Amino acid sequence: MSGEDEPEVIRDRRKKLERLRAAGIDPYSRGFKPTHSTAEARALVGDSERTEPVSLAGRLMVKRLLGGSAFADLQDQAGRIQLMASRDILGESTFDLFAELDPGDLIGVTGPIFRTRRGEVTLEIGSFQLLTKSLRPLPEKWHGLKDVEIRYRQRYVDLIANPQVRDVFRSRTKIIGSLRSLLDGRGFLEVETPVLQEVPGGGHARPFVTHHEALDRDLYLRIALELHLKRLLVGGFERVYEIGRVFRNEGLSPRHNPEFTMLETYEAYADYTEVMRLVEDMVVASTAAAGRTSMITYQGEEVDLTPPFRRERMADLVVEHTGRQAVGKELNDLFEEFVEPKLRQPTFVTDYPIEISPLARRRDDDPRFVERFELIILGREYANAFTELTDPIDQRQRFEAQAAQRAAGDVEAHPMDEDFLRAVEYGLPPCGGLGVGIDRLIMLLTDQPSIRDVILFPVMKAES
RNA sequence: GCCGGCGUAGCUCAGCUUGGUUAGAGCAGCGGUCUUUUAAACCGAGGGUCGCAGGUUCGAAUCCUGUCGCCGGCACCA
């Protein structure tokens, strides 16, 4: 877009840009080095004294012109601080230059910090430099940017206009960091496994297909991390994990983005009961990392995240809520429809039907079920784990059963993976595996209603 | 994919039910007044393909149909 098509406000700024260039001012200059952040500068000033001059850089947010003086807010990564410009200090022409700056411009300023009569911490501008001229007007200063379509499509504007959005993403990083730190401290090795795969396994989902030109072969984007991580246990690593993006070719919703972040861990010589304790520890660590206590509120509903979490067999829960005895897929269907939405407080649901769990170990006492659990909070799934199936003969039969469903038209049934079977035939140690949907955990801990609020650039349809 | 809601100035919103001069306000921008303001204030002049395309009508932001996008629900997603 350019020229005649542009809104007047943008045309005006282009003209202003040309005037600056004509006056010998570089509107995209460099070389300015801030000495402090706004927060650091704020901390320098005491009750009434003036500080030595400091240099700050950031985005000009609001201007208030009062004749021979001018006030403005400067926003940087750390926050905001008020600026004051005075004609007496800057001189006529420099003051006018400052007065002509637009909200949105990136500038560097140098001067002492003091408090105004009303106590506002303020930098008195001794000199300033235009660093980057902004050509587009910012959202309104009072109401901010509310249009969710613009917020998601133009996240950069959202981050400028809604500083609390930055806090969500800072929390996201802290939460992931806390999980990494917990696992590292327990001797887990963080690894990276292929995103492009020949066989998209480890989950039940429709994959994205892509094509490698040089190999002239279709490849799939991974839907899970599981099968490669278990190969690494075969190889001798005893505790591994990966935090990575997985891709599922499914519909979108406030809880589903086509690409999302999964944490998977595998621990040799552990079973699913030990994984439950690991999950509890992860919840505690990540809650603290998010700066919250164990009693949290999500969208107005209170949740107590204090371990130990309730543990219930799926079949018992279904009897409790429906009065019905069931097994297999029917049991799972009843659970999902009548029980899961009612599980509000953290609950480990255990012992899933074998038909829907092709990678999990059978229960020794009842081969219709596997040693598996999911962590349900507020009716949503946050973790999925099992004692892994290590018997290669059984594993092949499970894959064959899935292949039969696939042949019957279920595009999401687990595909046969001969290389994985070969690995298991070499010997997979007894182990417990875990998958955690990181985005949903972050939604919970930052009280965000949509997965799009915790993913910086969520998938959107083409802008028209 | 299905159902419902929404789409008006750069941003936040009125106006639509019940069709009727030239589509409004605040903020932002522009021109003024103003040297401690902070949603600064005051005066003035601008800024619009009412998502898009058809239709009904003397006349459409308003009613109808289609379409695009966003939001929510369902389906899908163990």
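Quick caveat: nothing in here was measured; it's all calculated off a predicted structure. Just so we're on the same page: letters track the sequence lines, and every chain starts at 1.
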In whole angstroms, the gap separating C1' of B:C11 from CG of A:D158 amounts to 13 Å
If you look at every strand shown and take non-hydrogen atoms under 4.0 Å, does A:E374 touch a base, only sugar-phosphate, or nothing?
sugar-phosphate
Rounded to the Å, how far apart are A:L123 CG and B:U37 P?
18 Å
Could you tell me how far apart A:D73 (CG) and B:U38 (P) are, to the nearest whole angstrom?
12 Å
What distance, rounded to whole Å, do you find between the two P atoms, one in B:G46 and one in B:G26?
15 Å
Identify the nucleotide, in any strand shown, that forms a Watson-Crick or G-U wobble pair with B:G66, with both distances under 3.5 Å; if there is none, say none.
B:C52
When you get a sec, tell me which of B:G73, B:U37, B:C70 is the closest nucleotide to the side chain of A:M460?
B:C70
Should we say atom CD of A:E400 is surrounded by more than 12 heavy atoms from elsewhere, each under 6.0 Å from it?
yes
Looking at A:A99, is its backbone amide N or carbonyl O close enough to the side chain of A:K63 to form a donor-acceptor pair, meaning the two atoms are under 3.5 Å apart?
yes
Taking only the side-chain heavy atoms of A:Q82 (C-beta and beyond), determine which of B:U37, B:C71, B:G69 contains the nearest atom.
B:U37
The answer to which of A:Y152 and A:G119 contacts RNA chain B further toward the 5' end, by nearest nucleotide, is A:G119
B:A40 phosphate, OP1 or OP2, under 4.0 Å from A:R64 side-chain N/O
yes
Considering every strand and a 4.0 Å limit on heavy-atom distances, what is the contact class for A:P353: base, sugar-phosphate, or nothing?
nothing
Between A:F338 and A:P341 the two heavy atoms that sit nearest each other are C-CD, 4.2 Å
A:R42, CZ: over 12 other non-hydrogen atoms inside 6.0 angstrom
yes
Mind checking if A:P358 touches a base, just sugar-phosphate, or nothing, with heavy atoms under 4.0 Å?
base
C1'-based separation of B:U8 from B:C3 [nearest Å]:
26 Å
A:R245 atom CZ: more than 12 heavy-atom contacts under 6.0 Å
no
When rounded to whole Å, the CD to P distance for the pair A:E92 and B:U35 reads 12 Å
Nucleotide B:G1, atom C1' - distance to CZ of A:R206 in whole Å
12 Å
Minimum-distance pair of heavy atoms, taken over all atoms of A:R313 and A:F369
NH2-CE1, 4.3 Å
For A:E412, report the nucleic acid contact type (base, sugar-phosphate, nothing); a contact means any heavy atom under 4.0 Å.
sugar-phosphate
Pairing partner of B:G46, by Watson-Crick or G-U wobble and under 3.5 Å for both distances, is none
Judged by nearest nucleotide, the residue sitting upstream toward the 5' end of RNA chain B, A:V459 or A:P254, is A:V459
Looking at A:R117, I'd like to know whether one of its side-chain N or O atoms comes within less than 4.0 Å of OP1 or OP2 on B:U37.
no
Classify A:G203 by what it touches in the nucleic acid, base, sugar-phosphate, or nothing, heavy-atom distance under 4.0 Å.
base
If we call it a pair only when both distances are under 3.5 Å in a Watson-Crick or G-U wobble match, what pairs with B:C74?
B:G1
Could you work out the separation of B:C68 and B:C27 based on their P atoms and round it to a whole Å?
39 Å
Integer angstrom distance from the P of B:U35 to that of B:U22
45 Å
For A:R452, answer base if it contacts any base atom (sugar-phosphate contacts may also be present), sugar-phosphate if it contacts only those atoms, and nothing otherwise; contact means non-hydrogen atoms under 4.0 Å.
sugar-phosphate
Cationic N near anionic O, under 4.0 Å, A:D73 to A:R64
yes
Go ahead and name the base partner of B:C27; Watson-Crick or wobble counts if both distances stay under 3.5 Å, otherwise write none.
B:G10
Applying the Watson-Crick and G-U wobble criteria at under 3.5 Å, what pairs with B:U35? Answer none if nothing qualifies.
none
Hunt down the Watson-Crick or G-U wobble partner of B:A60, both distances under 3.5 Å, from any strand shown, or write none.
none
Decide yes or no, distance alone: a donor-acceptor N/O pair under 3.5 angstrom between the base of B:U37 and the side-chain of A:S69.
no
From A:T38 atom OG1 to A:D76 atom CG, the distance as rounded to the nearest 0.5 Å
3.5 Å
A:D102 backbone acceptor or donor facing A:D105 side chain under 3.5 Å:
yes
Determine the Euclidean distance between corresponding C1' atoms of B:A28 and B:C71; express it in Å to zero decimal places.
27 Å
What interatomic distance, in whole Å, is found between C1' of B:G4 and the corresponding atom of B:A40?
44 Å
Side-chain heavy-atom pair A:E388, A:R361 within 4.5 angstrom cut-off:
no
What does A:Y352 touch in the nucleic acid at a heavy-atom separation under 4.0 angstrom: a base, only the sugar-phosphate, or nothing?
nothing
Name the nucleic acid region contacted by A:L66, choosing base, sugar-phosphate or nothing; use a 4.0 angstrom heavy-atom cut-off, strictly under.
base
If I take atom CZ in residue A:F98 and atom C1' in nucleotide B:U35, what distance separates them, rounded to the nearest angstrom?
14 Å
Does A:R440 count as lying over the ring of A:Y382, i.e. NZ or CZ under 6.0 Å from the six-ring centre, within 45 degrees of the axis?
no
Does the pair A:R206/A:E250 count as a salt bridge with the N-to-O cut at 4.0 Å?
no
Take the protein atom CZ of A:R248 and the nucleotide atom P of B:A75, then report the distance between them rounded to whole Å.
18 Å
Once you round it to whole Å, what is the distance between P of B:U38 and CD of A:E120?
11 Å
B:C63 versus B:G15 - spacing of their C1' atoms, nearest Å
16 Å
Any salt bridge between A:R115 and A:E49, counting N to O under 4.0 Å?
no
For nucleotides 24-30 of chain B, which of its nitrogen or oxygen atoms have a protein nitrogen or oxygen under 3.5 Å away, and what is each distance?
| residue | atom | partner | partner atom | Å |
| --- | --- | --- | --- | --- |
| B:C27 | O4' | A:E140 | OE2 | 3.4 |
| B:C27 | O3' | A:K141 | NZ | 3.4 |
| B:C27 | O2' | A:E140 | OE2 | 3.3 |
| B:A28 | OP1 | A:K141 | NZ | 3.0 |
| B:G29 | O2' | A:D12 | OD2 | 3.3 |
| B:C30 | OP1 | A:K16 | NZ | 2.6 |

Distance between P atoms of B:G72 and B:U67 (Å, rounded):
22 Å
Using a cut-off of under 3.5 Å, enumerate the N/O to N/O pairs linking the protein to nucleotides 13-16 of chain B.
none

